[in-house]
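Comments concern the structure below.
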Amino acid sequence: MSDQQINITLPDGSVRSYEKGVSGLQIALSISEGLARNVLAAKVNGEVWDANRPIHEDATVQLLTWNDKDGKSTFWHSSAHLMAEALEALYPGVKLGIGPSIETGFYYDVDFGDREFDGAELEKIEAKMAELAKQKNEYIRKDISKTDAVAYFTEKGDEYKLDLLERLEDGNITFYEQGNFVDLCRGPHIPNTGFIKAVKLLNIAGAYWRGDEKNKMLTRIYGVTFPKAKELAEYLHMLEEAKRRDHRKLGRELELFTFSEKVGMGLPLWLPKGTLLRERLVNFMKRAQDKSGYQQVVTPHIGHKALYETSGHYEKYGKDSFQPIATPNEGEEFLLKPMNCPHHCEIYKHKPRSYKDLPIRYAEFGTVYRYEQSGELHGLTRVRGFTQDDAHIFCRPEQVKEEFIKVIDLVLYVFRALGFEDYTAQISLRDPEKAEKYIGSDDAWNKAESAIIEAAAEKGLDTVTELGEAAFYGPKLDFMVKDALGRKWQLGTIQVDYQLPDRFELEYIGSDNQKHRPVMIHRAPFGSLERFVAVLIEHCAGNFPLWLSPEQMTILPISEKFTEYAEQVKSILEDHDIMGAIDNRDEKIGRKIRDAEVKKIPFMLIVGEKEMAEGKLSVRKHGEGDLGSFTPEEFATYFKGIISESLAQ
RNA sequence: GCCGACGUAGCUCAGGGGUAGAGUACUUCCUUGGUAAGGAAGGGGUCACGGGUUCAAAUCCCGUCGUUGGCUCCA
């Protein structure tokens with residue numbers, strides 16, 4: 001083989017020989033024209049490159065299309081450049097900050113100077129982007145010296161790019177050019193703007209330069225683009241659907257919860273139906289925990305300041321918490337409890353423990369209060385008072401992994417019962433560069449981190465690892481579920497903790513008759529009930545699984561002549577623990593059905609002359625329609641069957 | 001907390017310096033109806049709150065509170 005040839009290894013393991021300087025695009029072309037038309041970028045030895053950038057050495061190459069995550073992000077990054085080009089064309093003199101791709105779409109931070117920019121202008125920019133995209137301008141990569149780069153942006157008067165340049169090293173700087181637009185950019189980019197077929201600018205928001213509130217606020221324009229118009233339509237439909245499922249809207253409509261200015265922001269008020277839903281979740285969790293060897297405990301809503309000084313929470317969060325409440329005479333200080341664990345440590349300590357007692361698992365649906373910045377509050381997902389399905393497992397060091405695995409099993413059972421099929425586990429480790437953020441010894445951290453990693457591997461979890469996401473006292477495993485619309489939510493969490501046992505001087509007597517220190521595992525499968533209910537509402541669009549539904553059925557008499565029979569049916573069903581109201585209003589059956597459908601009540605039981613004569617009821621299922629007639633007992637059996645199926649282990 | 005938008009009946013929203021509106025929900029009456037809205041009448045609002053401008057403010061201005069989209073934060 002001549003030295004003008006290089007070997008390219010493709011993802012399927014095949015090796016092909018190409019001329020030196022071949023590009024990803026040319027490789028694609030050699031495979032099929034269709035592939036070449038769809039190639040957005042190429043992953044060369046694990047690094048994402050422009051599809052048309054020449055490859056000079058043997059390499060492993062993966063061609064990236066819209067179906068690859070990296071392909072999408074390249075596409076959106078290039079779209080940000082396209083938007084910047086449109087902005088410069090429409091608003092000469094605008095200054096540009098940064099314009100990255102994000103999980104869905106992209107944004108660009110823009111300084112419009114004195115110009116007032118309002119959202120209505122987004123359509124104008126969209127149109128300009130579409131026009132520029134049609135020109136199929138190539139994205140051209142250029143190496144440039146730092147001096148020339150600085151000269152260019154000095155001339156242009158763009159202080160933000162100059163600020164960025166300050167932190168870059170000479171010899172490492174590239175510009176990308178497309179059409180009339182040049183940007184400082186590491187790349188990579190898609191071959192040309194023609195790939196961008198559908199553009200939607202979604203909203204604008206303020207954002208500080210470099211995220212620092214001391215800096216100037218720029219206008220951030222969010223957008224999303226697609227290679228096909230149809231995909232944009234689907235995306236917009238998804239947004240509509242998300243709006244329709246918004247738990248704040250459904251929570252109000254289904255009368256689950258409310259807020260009151262007078263009670264205070266971020267402090268949810270649970271209405272009777274929401275409370276019923278919550279209680280069902282709590283009972284479900286209690287049953288599951290009882291089976292797994294947990295014991296329920298109850299602790300107060302406040303605790304002495306010293307308790308949190310011991311735990312380390314006061315030092316870490318004291319300033320950013322609700323401030324202590326003082327007693328009028330003694331001047332003692334108490335904090336609203338932000339965590340249940342210190343209380344549980346004191347329960348552990350109330351008597352000497354033997355190694356034979358461990359593990360001890362204390363569970364509490366503990367309501368905690370945390371000060372959240374006013375701008376952070378959002379429906380039930382971010383509140384100032386919430387209830388955790390909290391538990392703390394105190395165990396011997398050698399039991400950590402086994403206990404951890406048991407917790408994973410419990411979490412997965414819970415997800416399954418609630419219809420969350422799609423989840424990943426995020427392992428959050430400490431950021432080794434920021435040791436000051438964490439308490440505890442390296443040794444303890446290493447042990448905790450490896451326990452989590454091993455347990456996750458043993459359960460075959462699909463994991464991602466994030467550095468710097470750990471809690472200050474220990475690493476954690478968080479479960480991220482995907483809801484019915486593909487949105488990711490963080491729910492359950494499991495954390496290994498070697499610090500609190502030290503701080504609280506927890507002990508047990510080992511088989512060697514010596515004192516030993518237990519290890520704690522914090523865990524909350526739901527996380528917070530508030531947040532969990534919010535996610536559940538959006539996941540099922542308010543159509544709760546039957547076993548959770550706050551109103552499982554309603555009895556609809558055809559006319560008031562059948563009220564008495566309806567009462568009889570109700571009482572029979574009550575004996576089977578099937579609860580619901582009779583809709584006795586002076587309305588026609590069509591109206592009663594409509595109202596029950598709107599309220600998303602799972603079953604409508606219609607009783608009229610025919611049913612009364614036969615001792616039956618006509619069953620109509622929400623969203624599905626008439627199921628035919630059942631005796632009350634037959635219905636109860638059918639009803640219970642549905643529930644036990646969804647709760648099967 | 002910071003920046004922007006918003007705040008009118010329980011809910012969804014119209015109005016925009018000169019007597020407060022609609023749909024829906026609610027109440028009463030008529031109707032006793034068979035699988036997604038029967039008819040009529042009626043009650044309900046300090047137009048978030050506090051100041052200011054004006055002969056006159058729901059409307060314009062300022063402030064506060066709240067909601068909301070972001071930013072920063074999240075034990």
Side-chain angles (χ1 to χ4, degrees), chain A residues 107 109 116-119 202-222 246 248-249 252-253 255 258-266 308 311-318 320-321 337-342 368-379 381-384 386 388 390 437 439 469-474 476 490 493 495 497 499-500 522 524 527-528 531 556-563 585-599 604-611 618-628:
Chain A
Y107 66 80
D109 284 345
E116 293 272 324
F117 182 80
D118 85 83
L202 297 161
N203 52 9
I204 55 175
Y208 299 106
W209 173 237
R210 291 190 172 281
D212 185 339
E213 62 183 75
K214 288 188 216 66
N215 290 337
K216 182 164 182 188
M217 166 101 34
L218 308 179
T219 305
R220 176 167 296 181
I221 305 179
Y222 286 90
D246 190 317
R248 294 169 298 185
K249 176 172 137 66
R252 188 169 49 235
E253 288 172 0
E255 300 188 337
T258 188
F259 289 88
S260 144
E261 285 187 24
K262 238 178 194 154
V263 171
M265 55 162 78
Y308 302 101
S311 72
H313 291 106
Y314 188 74
E315 191 199 341
K316 188 83 184 166
Y317 293 101
D320 300 318
S321 295
K337 88 173 158 185
M339 294 283 284
N340 301 300
C341 34
V368 297
Y369 300 89
R370 297 178 184 175
Y371 169 78
E372 303 284 357
Q373 299 184 69
S374 56
E376 293 309 326
L377 301 172
H378 179 92
T381 59
R382 197 77 187 274
V383 289
R384 285 179 169 172
F386 58 96
Q388 297 177 309
D390 207 2
K437 272 175 67 179
I439 59 172
E469 292 292 309
F472 73 95
Y473 52 75
K476 55 184 182 173
Q490 191 210 305
T493 179
Q495 311 175 1
D497 183 357
Q499 327 299 341
L500 274 192
H522 310 241
S528 103
R531 191 182 161 78
L556 311 180
I558 294 289
S559 82
E560 64 189 31
K561 282 188 278 188
F562 310 104
T563 310
R585 290 175 309 161
D586 186 8
E587 293 291 351
K588 293 211 225 175
I589 194 67
R591 179 49 179 266
K592 294 183 183 182
I593 287 171
R594 182 188 144 78
D595 290 346
E597 289 282 355
V598 168
K599 282 156 82 181
M604 288 151 271
L605 309 177
I606 295 156
V607 291
E609 189 154 10
K610 196 176 65 173
E611 289 77 9
S618 285
V619 177
R620 182 186 163 105
K621 195 172 184 185
H622 168 73
E624 290 181 26
D626 196 357
L627 298 187

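Every value quoted in this text rests on a predicted model; they were computed, and no experiment measured them. The analysis underlying the following values was restricted to heavy atoms, covering all of them including side chains, and did not include hydrogens, waters or symmetry mates. In the text below, chain A, chain B and the rest are named by the order of the sequence lines, each starting its count at 1.
- Rounded to the nearest 0.5 angstrom, A:K588 NZ and A:L556 CG are separated by 15.5 Å.
- Paired regions of RNA chain B, where each region holds three or more successive Watson-Crick or G-U pairs whose two hydrogen-bonding distances fall under 3.5 Å, are B:1-7 with B:65-71, B:10-13 with B:21-24, B:26-30 with B:38-42, B:48-52 with B:60-64.
- In this structure, A:G590 reaches the sugar-phosphate backbone alone: every heavy-atom distance under 4.0 Å involves primed, P, OP1 or OP2 atoms, never a base.
- Note on A:E609: a base of the nucleic acid sits closer than 4.0 angstrom, heavy atoms only.
- Rounded to a whole Å, the CZ atom of A:R585 is 17 Å from the C1' atom of B:C29.
- Between the CD atom of A:E587 and the P atom of B:U35 there is a distance of 16 Å, rounded to whole Å.
- Summarising the geometry, the separation between NZ on A:K588 and P on B:G33 is reported as 10 Å, rounded to the nearest angstrom.
- Contact check, A:R252 against B:U12: a side-chain N or O comes under 4.0 Å of OP1 or OP2.
- In terms of modelled atom types and a separation under 3.5 Å, the side chain of A:E315 and the main chain of A:G312 share no donor-acceptor contact.
- For the pair A:K599 NZ and B:U24 C1', the computed distance is 15 Å after rounding to whole Å.
- Residue-level contact check: A:K610 touches the bases, meaning some heavy atom is under 4.0 Å from a base atom.
- The C1' atoms of B:U46 and B:G7 are separated by 15 Å, rounded to the nearest whole Å.
- For A:I606, the listed nucleotide lying nearest its side chain is B:U35; candidates were B:U35, B:G33, B:G66.
- In this structure, CG of A:D595 is placed 13 Å from C1' of B:G38, rounded to the nearest angstrom.
- For A:E611 against B:G34, a side-chain N or O and a base N or O form a donor-acceptor pair under 3.5 Å.
- Sequence order on RNA chain B of the closest nucleotides to A:R594 and A:F562 puts A:F562 first from the 5' end.
- Across B:G42 and B:A25, the matching C1' atoms stand 14 Å from one another, rounded to whole Å.
- Across the C1' atoms, B:A5 and B:A9 are found 24 Å apart, a figure rounded to whole Å.
- To the nearest whole angstrom, the two C1' atoms, one in B:U64 and one in B:U28, are 43 Å apart.
- If you find the closest nucleotide of RNA chain B to A:M265 and to A:E597, the one lying nearer the 5' end belongs to A:E597.
- Between B:C47 and B:G21, the two P atoms lie 13 Å apart (nearest whole Å).
- In this structure, CG in A:L605 is found 12.5 Å from NZ in A:K621, a value given to the nearest 0.5 Å.
- A:R531 places a side-chain N or O within 3.5 Å of a backbone atom of A:Q490 that can act as its donor or acceptor partner.
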Report, as a single string ordered 5' to 3', how protein heavy atoms within less than 4.0 Å touch nucleotides 69-75 of chain B: B base, S sugar-phosphate only, - not at all. SBBBBBB
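- With a 4.5 Å cut-off on side-chain heavy atoms, A:H522 and A:Y473 count as touching.
- Dashed line: the shortest gap from a side-chain N or O of A:R591 to OP1 or OP2 of B:A25 is under 4.0 Å.
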Please evaluate residues A:H622 and A:E597 with respect to the criterion side chain to side chain contact (heavy atoms under 4.5 Å, CB included), reporting the C-alpha separation (whole Å), side-chain torsions for both, the decisive distance (0.1 Å), and the verdict. CA-CA 6 Å; A:H622 168 73; A:E597 289 282 355; 3.0 Å; yes
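- A salt bridge does not link A:K599 with A:E255: none of the charged nitrogens is closer than 4.0 Å to a carboxylate oxygen.
- Here CZ of A:R585 is found 13.5 Å from CD of A:E560. Values are rounded to the nearest 0.5 Å.
- Across the C1' atoms, B:G23 and B:A14 are found 10 Å apart, a figure rounded to whole Å.
- Put simply, the side chain of A:Q388 reaches to within 4.5 Å of the side chain of A:V368, judged on heavy atoms.
- The nearest whole Å value for the distance from the CD atom in A:E560 to the C1' atom in B:C30 is 13 Å.
- Between A:I558 atom CD1 and B:U32 atom C1' there is a gap of 11 Å when expressed in whole angstrom units.
- When the P atom is compared between B:C30 and B:A37, the two are found 24 Å apart, to the nearest whole Å.
- For A:R220 (side chain) and A:D109 (main-chain N/O), no donor-acceptor pair under 3.5 Å exists by modelled atom type.
- Atom pair A:I589:CD1 and B:A36:P shows a separation of 10 Å (rounding to whole Å applied).
- Rounded to whole Å, the separation between the C1' atoms of B:U27 and B:G10 comes to 14 Å.
- Within the model, atoms CG of A:D497 and CZ of A:F472 stand 8.5 Å from one another, a figure rounded to the nearest 0.5 Å.
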